[in-house]
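Read the structure below first, then the notes.
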Amino acid sequence: DAKTTQPPSMDCAEGRAANLPCNHSTISGNEYVYWYRQIHSQGPQYIIHGLKNNETNEMASLIITEDRKSSTLILPHATLRDTAVYYCIVRVGTDSSYKLIFGSGTRLLVRP
Amino acid sequence: SAVISQKPSRDICQRGTSLTIQCQVDSQVTMMFWYRQQPGQSLTLIATANQGSEATYESGFVIDKFPISRPNLTFSTLTVSNMSPEDSSIYLCSVEEWGTSGSYEQYFGPGTRLTVT
């Protein structure tokens, strides 16, 4: 069973920030939040992950609320190539035995 | 990151037959995963395949229907047996590798698009 809830679709203008929300109210203390995206007809691509602290890399920023029940993926300057389905995922288990539980995803459309 | 290839990229099969999907990685990895993505749906984990041990299947998936081999650290196969139209999906393999984030990340192959008629 999915442990995350995401809006089915969103859109934003090219060059603006895209803020994708995710609810994971049943997350446990040692479970990570991962974000992947899937561009049509391709395998999912890793974006970022975090446990408690906010994280930033060259692709995006991840903001996790203090109670860890929700998070937001931020694409600071969306481009047309960022149009994809974005999956918020909870990683359950330990480093030696774990699995990714995919949510239903948010279809992001970046408008010119 | 690991480069993953899958064969075939797509296939159309008749019901009652079986198809074996191959997953090849360009580096040695311990953990490999097989997922199913039904049309318009998200990904569902089928099983985890570690080299040297039996695959671990998720609830709703059984070895008789989806036998998996993991003969070495760079290769795995998934067989979809006695296929029915309900098996029409994209099947993806993924591997775990140490990433630039400073922790393990999963990388996915391009997928095998299966249509059962």
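A, B, ... follow the sequence lines: proteins, then strands. Residue 1 opens every chain. All values derive from a computational prediction rather than experimental measurement.
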Is it the case that over 12 heavy atoms from other parts of the model lie below 6.0 angstrom from the [atom1] atom of [X]?
| X | atom1 | value |
| --- | --- | --- |
| A:R107 | CZ | no |
| A:L109 | CG | yes |
| A:Y32 | OH | no |

(message) Between B:L92 and A:P44, is there a side-chain heavy-atom distance shorter than 4.5 Å?
(response)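 In contact.
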(message) Using side-chain heavy atoms (C-beta onward) and a distance below 4.5 Å, is B:Y35 in contact with A:L100?
(response)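 In contact.
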(request) Take B:Q106 and A:Y98 through the test side-chain contact (heavy atoms from CB on, under 4.5 Å) and record every step on the way to the result. (result) CA-CA 11 Å; B:Q106 274 195 33; A:Y98 74 89; 3.4 Å; yes
(request) Give the minimum heavy-atom separation between B:E105 and A:Y36, together with the two atoms involved. (result)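 So the minimum-distance heavy-atom pair works out to C-OH, 4.3 Å.
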(message) Please give me the minimum heavy-atom distance between B:S42 and A:S104, naming the atom from each residue.
(response)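 Minimum heavy-atom separation between B:S42 and A:S104: CB-CA, 4.2 Å.
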(request) Hey, could you give me the CD1/CG distance between A:I101 and B:L43, rounded to the nearest 0.5 Å? (result)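 Rounded to the nearest 0.5 Å, the CD1-CG separation comes to 13.0 Å.
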(message) Working to the nearest 0.5 angstrom, can you tell me the gap between A:K99 NZ and B:T56 OG1?
(response)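 Spacing of NZ (A:K99) from OG1 (B:T56) equals 10.0 Å.
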Say whether [X] and [Y] are linked into one hydrophobic cluster, either directly or through other cluster members, by side-chain heavy-atom distances under 4.5 angstrom.
| X | Y | answer |
| --- | --- | --- |
| B:Y91 | A:V85 | no |
| A:I27 | A:I47 | yes |
| B:F33 | B:L78 | no |

(message) Counting only non-hydrogen atoms closer than 4.5 Å, does A:E55 touch chain B with its backbone (N, CA, C, O), its side chain (CB onward), both, or neither?
(response)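 Contact with chain B involves no heavy atom of A:E55 at all.
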